[in-house]
Amino acid sequence: MATRARGGRPAAAPVPAALDPEVPGSAAALLTREQKLELYYWMRLTRSLEERLVNLYRQTKVVGGLFRSLGQEADAVGSAFALDKARGDILSPLIRNMGAMLVRGAEPTEIIRQYMAKGDSPTRGRELNIHFGGPERGFIGQISHLGDMVPVMAGVTLSFRMRGQDRVGLVYIGDGATSTGAFHEGINFAAVQRCPLVVIIENNGYAYSTPTWKQTAAKQFVDKAAGYGIPGERADGNDVIATYDVTKRAVERARRGGGVTLIELMTYRRKGHAEHDNQSYVPDGEIAKWEENNDPLARYVRQLTDLVGATGEELAAIDARVLEEIDTATDVAEQSPMPEPTDALVGIYDEPKTVEPLWFRSGVKSAVEQNERPAGWGTYDG
Amino acid sequence: MATRARGGRPAAAPVPAALDPEVPGSAAALLTREQKLELYYWMRLTRSLEERLVNLYRQTKVVGGLFRSLGQEADAVGSAFALDKARGDILSPLIRNMGAMLVRGAEPTEIIRQYMAKGDSPTRGRELNIHFGGPERGFIGQISHLGDMVPVMAGVTLSFRMRGQDRVGLVYIGDGATSTGAFHEGINFAAVQRCPLVVIIENNGYAYSTPTWKQTAAKQFVDKAAGYGIPGERADGNDVIATYDVTKRAVERARRGGGVTLIELMTYRRKGHAEHDNQSYVPDGEIAKWEENNDPLARYVRQLTDLVGATGEELAAIDARVLEEIDTATDVAEQSPMPEPTDALVGIYDEPKTVEPLWFRSGVKSAVEQNERPAGWGTYDG
Amino acid sequence: MGKGNGGGAGTPGTRRGTRKQGEPVADSLAVAGGEITYLEAIREALFEEMERDPDVFCLGEDIGAYGGAFKVTEGLAARFGESRVIDTPISEIAIVGAAAGAAHMGLRPVCEMQFIDFISCAYDMLTNYVATARYRAFLPTPMVVRGPSGGYVRGGPFHSQNPEAAFLHTPGLKIVYPATASDAKGLMKAAIRDEDCVLFFEHKYLYRRIKETMPAGDHIVPIGKARIAREGKDVSIITYAATVWKALEAAEILEREHGLSVEVLDLRSLLPMDDDAIVATVKKTNRVLIVHEDTRTGGIAGEITARIMELAFEWLDAPVLRVTAADVPLPYSPPLEDYVLPQTADIVVAVRKLAAY
Amino acid sequence: MGKGNGGGAGTPGTRRGTRKQGEPVADSLAVAGGEITYLEAIREALFEEMERDPDVFCLGEDIGAYGGAFKVTEGLAARFGESRVIDTPISEIAIVGAAAGAAHMGLRPVCEMQFIDFISCAYDMLTNYVATARYRAFLPTPMVVRGPSGGYVRGGPFHSQNPEAAFLHTPGLKIVYPATASDAKGLMKAAIRDEDCVLFFEHKYLYRRIKETMPAGDHIVPIGKARIAREGKDVSIITYAATVWKALEAAEILEREHGLSVEVLDLRSLLPMDDDAIVATVKKTNRVLIVHEDTRTGGIAGEITARIMELAFEWLDAPVLRVTAADVPLPYSPPLEDYVLPQTADIVVAVRKLAAY
Ligand SMILES: Cc1ncc(C[n+]2csc(CCOP(=O)(O)OP(=O)(O)O)c2C)c(N)n1
Ligand SMILES: Cc1ncc(C[n+]2csc(CCOP(=O)(O)OP(=O)(O)O)c2C)c(N)n1
Ligand SMILES: [Mg+2]
Ligand SMILES: [Mg+2]
């Protein structure tokens, strides 16, 4: 599991020596100043990259829907930061975990290419938005069907346990997706098998338009932990340090054979389900309240200044670097070619490598060349 | 919802006036002496009818597997007795809830015919063992796929709520079947919709050969209640009065708009999954321990004698009546005809009523007439 | 997209929906007599049936106040209340299972799958519980499961599926997949009144791209009857859903450029299938092309071919051919999707081959 | 059941299993060179592959100490330990999903569905997650999903299913359904070594009713290759699984009583399908009957018919006909089940009709 060296970016977090998974605060206390600044970098990169994607979307350069994690950057970044690259930990992100993917090594160029359906995107144009990844990269791409990644990650981490590896897995699940049968079967299976898996419920208040009270009658999602016989913890998902801490302790518990932990991270989805959604169903003032009092980046800037005495210049320099990286990535991605049509026939099976083109397929080349602007066909969902 | 009059059997339980669903013991305290004897009758009928079915099975008159509820009679009977026939309450039984079906009006003749695949069985030979029922009878037949009846009963009870009826539903689920996605989705849906539904987990220690610790890491199944935001209670399923009490209180809660209750009934499966199963996986002495110390019928005989001063003669008279009823039912069922082959083509849709026979179907009649003895083809499962 | 292009189904009438995203809907019931889209036609059917019969209700994810991901149920909650337009948890098994339970009790539920791709999660409940209920237990289960289906919209592998082939071999279910706005309305009303479970697939490419004036009155299209979308005498195309429009587009080209007279049969109902209409068109043209958007292997063209074999083999002057998607999970990027899905040009090629046979 | 009766598949060799219920199994590995049943052949394949490759493991309900509902995995846990023969919760979604995750990491899971009917619960996971993983994400997912399938055993609607048609239109999956003990062994070994997901359907009627001596050595049957079960020149029967035996029985009757020479092609693999073998037999006899146990509408006979149309239309002297189950949920009672499922007598009738055409 070689760590992919990334020019100019901070290195992966070293593994702290003696974490006690049972003591809150114990994990975060071991973070270095450098690591704390790194957390800021990832959160800023997440937000700015999504803002750039919004621009591209408005220019109709994005094919399909665009999904934001505005206001949820801390939860994705803080939790992913708790995994260990060198050891080969693996996570499975959701649509609002772009930050987690970035932390684990996804490149902005890849993400922009993917959103633009380019031929050299990580899936060669086969899958959309941030549905990509692979075990060797430390993150496995999701599919749309909510809940399905929980059983899959149970299996990934079962393999760790069967092989006696000290690797850990992390899977995210939305408040809404906890209602799926797949979530239930997967977390129960992992719990019984004592798989080294951390399950994070991202409670952002909504599933599309559906508020959590229509999703479950439970007072809090973490109450589900006892029903699976596993420890449960709830934390402020808009506090990146708290998120890191609670995840890190769960990761260490898993690594030591303590099995599955369920974490509920409290956060809030400030944008609609996707860019097209006008959030008409959100009570007046709710978004503003979160924006004003509980923006994870603003909160973290204050913490950084207080805790490690970060200066305005330091942070501004990070912001500048982020923008520069995004500019470069955008330029590169925009120049990428669309896929070759016949690449569609490659790689359904290991053998045969390629499917035969259908006999009638003669007039298609020209049809493909006359495409309408792709953005026009965007669907409403991810 | 007319109560079906049954010659010679005790009438349905009257509805007690002022039950406080929150006070344990409150419901059972209202049972009359007659009702307490009735409970004995149903338990005895359950056990004796199953014993008769074992005889028929050994005579290869049963087609397919035979499933016993030996040692679990109290849990099925006590819980079903808590429903109100006159009001039109509905339950959905499992394979080990024959007792619940009898309480709700299933006839021994029907059950024997069904096990013998007879043409005048309740499903006309289409479905096996105790897979039969209908809303108008107060019980809806299960299908084999475990968990599926939970969403279905959520819908049945949703209809009660939508129509402002004061009817209640009850659905049983095995310890093993709590691991299905269908169970999770169904109970969560019902909880959110505040359906008047009681969910009973029958914890009998095993799912086929699998002990509960391989099924869940939870300390007790009732710990799942909080995760669905509903009240949970655990009771001794081998104590028919305790079972009645806990169920009755949940039923009354549901009837008053209090939504779903999860009940875990502790019991023990003394026979194998089905008759073919030799229980090689059960630790030595475990079955004997339950048989000797915790037989629900033996316990209840003691209780009856102590509580209501039931005499040996009274109970012997009930036993005799039960045997007589079973003898009659057996005679009737054995004389029932097998189905007419072409009845297989009737009633897939409302329209057309009948499917056309396939054109090649000429030589079948004789093939059908030369059947091997049906029992020889029994499957291993229900 | 211009006519004759391959990127999407060729359509008459408007290319875009009648309403921009986010714009409010003035009145969810169309003004009587005006043209309405395929999507509005479905909504109108739901309105009329809920108005007519208090036992009809809808359930699904985000269908209440929000009106559904595609706004099909917009306005229903306002008119009929949230207790008849139920926002559910993300639980397709429970949505379908609860609908079945309610249907047993005499209600008439209409389930929305947010995208039809998620019907796969309820596959057990539909094929084992719902489809068999009447047969094994004499339990009527009148219910509809509906949802946006189909490709040509850059939806990728999980927002573009055509699930009809997966349910075709399940006796007890019915399947419809309309191609026009008036069929969408008439079939939805028939489906809601049907005494059995009807899977109602709505082609999302057609939602806002086609418009039509609805027939007056209580417009019902009977389930199980195909429709001749275009008369012709040289070659028959048997198809349904979005590819009906591609077939019509191809038929025009073939007539104009090659002097061929092509008949287009729109099946509308897939289960039961209209054998009489299939046989009639075979006898008329003696040459048949089947077109569908689903993948080739195991797609429903196989069943149609087998029926033609059995019922009209003697009438065939050429083999029955298929134009279908390639056997791959549907990719997302436009050049890939266009390459995989059947296009008008493909139909032209195939019909010419049949005509020359 | 006597030969020629309709109640079950006609079989060579023993009529009953080699072991009574409840009797202990002396040694789960057959004595080298002896005859073993279809069931034992599958077990032998599992043994050999687990012995050969430490990455192979099994998971499913009650498969460990108990050895599975049909005892297919009996002895595996004792030999390889419970950590390689995992008893799971009753969670088909999780069994298949966890297998996929483990397969991504290089393990080779073999999942048991206690009855194949329960594969419907994992329909989403199989068709959406597993089947597409390689294509959409370049994730290898080498795994097997196996289980007792098929009818003729009075199992009723939920313990008798043949699910092949539901998965046939899912590119990315492979499907095999062996009819003989040696094919069962050889295909299981091939399936475990395959780099993609293979659905391995085992016919439970055949489990203990047929016996065969295994070929020596590392016996592999390649996926995608059909087998000529009987040579003939007048009419071809294309079939697979239990109905291969019915076809063979019918072929004998047809030869003896009607002087007809019938070829029987056992497909063995359904996805991919052996087009070459299909075309070869069509060209040889010019008359084809397809027989399968699954319901008629939407059954896999449709796909086979379409392929014959496309590849060998000119060679047909008669329409391709089908003998299949009737379109009903499979009922339980013997007279009903026998009436619904295809029987030897039906095949005789159909072949005679084809021969006389
Ligand atoms: C099985 C399934 N059903 C429905 C959907 C459609 N869908 C996509 S995202 C979404 C809402 C998800 O909400 P949540 O899990 O809370 O995640 P969030 O979007 O809030 O991050 C829905 C209903 C789906 N993708 N999968
Ligand atoms: C979805 C599904 N998977 C597997 C089975 C096979 N099966 C039938 S009964 C059974 C065990 C059930 O155990 P439990 O739920 O505890 O009920 P019990 O038999 O103990 O009453 C299993 C695995 C099934 N019927 N349905
Ligand atoms: Mg959410
Ligand atoms: Mg149990």
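Quantities reported herein were computed from a predicted structural model and do not represent experimental measurements. Here is how names work: the chains are called A, B, and so on, in the same order as the sequence lines, proteins then strands, and each is numbered from 1.
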>> Tell me whether D:E195 contacts the main-chain N or O of A:D350 through its side chain, where contact means a donor paired with an acceptor under 3.5 Å.
In response: no

> Given a strict heavy-atom distance threshold of 4.5 Å, which part of D:E92 is in contact with chain A: side chain, backbone, both, or neither?
Replying inline: backbone

> How about A:M162 and D:M105: do any of their side-chain heavy atoms sit closer than 4.5 Å?
Replying inline: no

>> Shorter than 4.5 Å, heavy atoms on both sides: which option in A:E351, A:H184, A:M153, A:R124 has the most such pairs with chain D?
In response: A:R124

>> For D:P89, which atoms come within 4.5 Å of any heavy atom of chain A: side chain, backbone, both, or neither?
In response: side chain

> If you draw a 6.0 Å radius around CZ in D:R193, do more than 12 non-hydrogen atoms from other residues or ligands fall strictly inside?
Replying inline: yes

> Which bit of D:D196 comes within less than 4.5 Å of chain A, counting heavy atoms only: side chain, backbone, both or neither?
Replying inline: side chain

>> What I want to find out is whether D:D55 reaches A:R163 closely enough, with some N-O distance under 4.0 Å, to be called a salt bridge.
In response: yes

>> Test your reading of the model: is there a side-chain donor-acceptor pair from A:R126 to the backbone of D:Y135, 3.5 Å cut-off?
In response: yes

>> Is D:Y129 in contact with chain A via its backbone, its side chain, both, or neither, using a 4.5 Å heavy-atom distance?
In response: both

> Any idea which heavy atoms bring A:E127 and D:R136 closest together, and the distance?
Replying inline: CG-CB, 3.7 Å

> Between A:Y349 and chain D, which part of the residue has a heavy atom less than 4.5 Å away: side chain, backbone, both or neither?
Replying inline: both

> When heavy-atom pairs shorter than 4.5 Å are enumerated against chain A, which of D:L173, D:T141, D:D194, D:V96 gives the highest number?
Replying inline: D:L173

>> Under 4.5 Å from any heavy atom of chain D, what part of A:P122 do you find: side chain, backbone, both or neither?
In response: backbone

>> To check you understand the geometry: which heavy-atom pair defines the closest contact between A:G134 and D:L139, and what is its length?
In response: CA-CD2, 4.2 Å

> Should D:L59 and A:F189 count as side-chain neighbours, where that means a heavy-atom distance under 4.5 Å?
Replying inline: yes

> Checking heavy atoms, do the side chain of A:I348, its backbone, both or neither come under 4.5 Å from chain D?
Replying inline: both

>> Tell me which of these, A:D148, A:I187, A:V192, has more heavy-atom pairs under 4.5 Å with chain D than the rest.
In response: A:D148

>> So, taking the atom named CD1 in D:I90 and the one named CG in A:N188, what distance separates them when rounded to the nearest 0.5 Å?
In response: 10.5 Å

>> Looking at every non-hydrogen atom in both residues, tell me the closest pair between D:I86 and A:Q193 and how far apart they are.
In response: CG2-NE2, 3.2 Å

>> Less than 4.5 Å to any heavy atom of chain D: does that hold for the side chain of A:V355, its backbone, both, or neither?
In response: neither

> CZ/D:F57 to OG/A:S159 distance, rounded to the nearest 0.5 angstrom?
Replying inline: 8.0 Å

> For chain A, which of D:A100, D:G172, D:A137, D:A102 has the most heavy-atom pairs under 4.5 Å?
Replying inline: D:G172

> Which region of A:A191, side chain (C-beta onward) or backbone (N, CA, C, O), has a non-hydrogen atom less than 4.5 Å from a non-hydrogen atom of chain D, or is it both or neither?
Replying inline: neither

>> Please find the pair of heavy atoms, one from A:G186 and one from D:A94, that lie closest to each other, and give the distance.
In response: N-CB, 4.2 Å

